[in-house]
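All heavy atoms count here, side chains included; hydrogens, waters and symmetry mates do not. Throughout, protein chains are lettered first and strands after them, A, B, ... in sequence-line order, and every chain is numbered starting at 1.
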Amino acid sequence: MNATMEGLVHNARNRLNRISMQTELAKLLLEQGSPPEKVITALDKVLVACDECSEQILSISELKE
Amino acid sequence: MPKVLLVDDDEVFCDAVSQMLEALGHQVTTANTLQETSAILAHQRFDNIFLDFMLPDGSGLHLIDTYSGDPDAPFITLITGHPAIKNLMAGLCGPKINYLLKPLTRENLHAALDRNTRPDETHSSRFTRHFGCLLGESEAMHDIYQMIERVSKTSANVMLLGESGVGKEMVAQAIHNASSTGKLLVAANCGAFSRELIGSELFGHEKGAFTGAVARKAGVFEQATGGSLFLDEITEMPIDIQPNLLRVLETGRVTRVGGVKELDVNCRVISATNRTHKDLAESTVLREDLYFRLAVFPITIPPLRVRPGDITLLSEALLDQLNNENGRQFVLSPAQLELLNSYDWPGNVRELRHTLHRAFIMSDPTGSELALPKDLASPFAKSQRASNQLIPGQTIDDVEKELIRVTLEQLEGDKPRAAEMLGISLKTLYNRLNKYEESTTI
């Protein structure tokens, strides 16, 4: 894997990490009865990370071509 | 509270993990680069470090190198996204180095922290913390450790009795650690809640249940499901709320304020009080039926004055902690340890910690000697000394000497009045005082 591809894969993995942690945080906030705004903030960050991850995957597929 | 340093260049990830770890009872500091990390570690020590393998200014391995051979090194968990690196790490990992593969889950973090905090004993270089938090090697404390070990294998509710400052919350933490539930320890002080809101705090409420209830809220019983609930100052709970608590303990179900649905709750309840068994029996602060549900396994924590040897151990451990947190090297001399051991610490471990902390602040930062005050007694101790100085096992001579001392102190040294008050002749009083002076001189 060349350096550019490695960078894209690293970035995609980091986005997945954000998705995982922000989702876990949302679950914890719900379990603790926290205000809904905090849960929504965490889930919004999940959505942003999903978009960014999708862009990385697109870049990876374009590189492969 | 355990201290965690989180090192990762991804701020969104750091934000989520900080919030989760803080909810799990940790104090979290974050850093995004190796340089920031070094600056933080120059002034603070941590129990755990979560470290990204690849940082903008270098590899996390450089940080591990700096701790090589250091017996007080924190537990380090490396976070990597490369399975190949994970395999390499598995070969390098020693007892204090762990690794996790991205993407992480809450269970990963929990498992890393659980692995790094051995629930039976946690050793720093010199001090053994039983169950991850308790210090003390006296016979009285070893009896407590045995009780914790036994009760942690069951789901029995525990009531902790003991004077203020003996460490009831620490013992609750120890029981929770030993139980290894993997769930939360939720703490609540029954004396801190207002009478109007205590029901909502304990049992939760539904949206609209009362003015100000703008959203559904989970009470502490729900938050502690699967884990432990620590109810401090249980005797401060209003008597009219106690039947509700009793019902929850009997049925294992809770209904939120304003709600209709019963929810299953399953947690160990650890309650605490400063009152003695005699006080509980004679007063009406706690219902008898509730007491029997809460005190399935009562543990009385001994006061510091009956734990010989632990005053020295605790003093050195607390000072060691202050030194580590502030980058100092203060030590206690044998004379200072003797002074600390001669005082009876009516405020127990809390008072000892307060005294050492104050002395630490007052000490010359360029020196190594701690500026301990000559008179250790707090204002509360002086007041208590006047009213309650009898300790089982004291000799009659010691009791007599203390009685003469407090009487003279009260009368500002007026010996004739003191003799009259004590019911002895003035000559007898002088003979006693001369005898005490001679024994001090020898």
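Between B:Phe203 and B:Phe221, the ring planes lie parallel to each other; the angle is under 30°, not in the 30° to 60° tilted range.
Of residues 44-57 of chain A, those residues lying under 4.5 Å from chain B by any heavy-atom pair are A:Lys45.
Residue B:Glu206 is tested with B:Lys261, B:Lys217, B:Arg256 for a side-chain hydrogen bond (donor to acceptor under 3.5 Å, both in side chains); the sole match is B:Arg256.
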| Residue pair B:Phe50, B:Val4: steps toward the side-chain contact (heavy atoms from CB on, under 4.5 Å) verdict | CA-CA 8 Å; B:Phe50 284 94; B:Val4 175; 3.7 Å; yes

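Only the backbone of B:Arg216 comes within contact range of chain A, with heavy atoms under 4.5 Å apart.
B:Lys102 places a side-chain heavy atom less than 4.5 Å from the side chain of A:Asn14.
In this structure, the side chain of B:Asp57 engages the main chain of B:Leu34 through a donor-acceptor pair within 3.5 Å. Side chain of A:Ser20 to main chain of A:Leu16: no donor-acceptor pair is present (N/O by atom type, distance under 3.5 Å, no hydrogens or angles).
By the side chain to side chain donor-acceptor pair (under 3.5 Å) test, B:Lys3 is found to be paired with B:Gln44, residues two or more places apart in sequence or in another chain being considered.
The candidate with the highest count of non-hydrogen atom pairs below 4.5 Å against chain A, out of B:Met20, B:Gln223, B:Glu222, is B:Met20.
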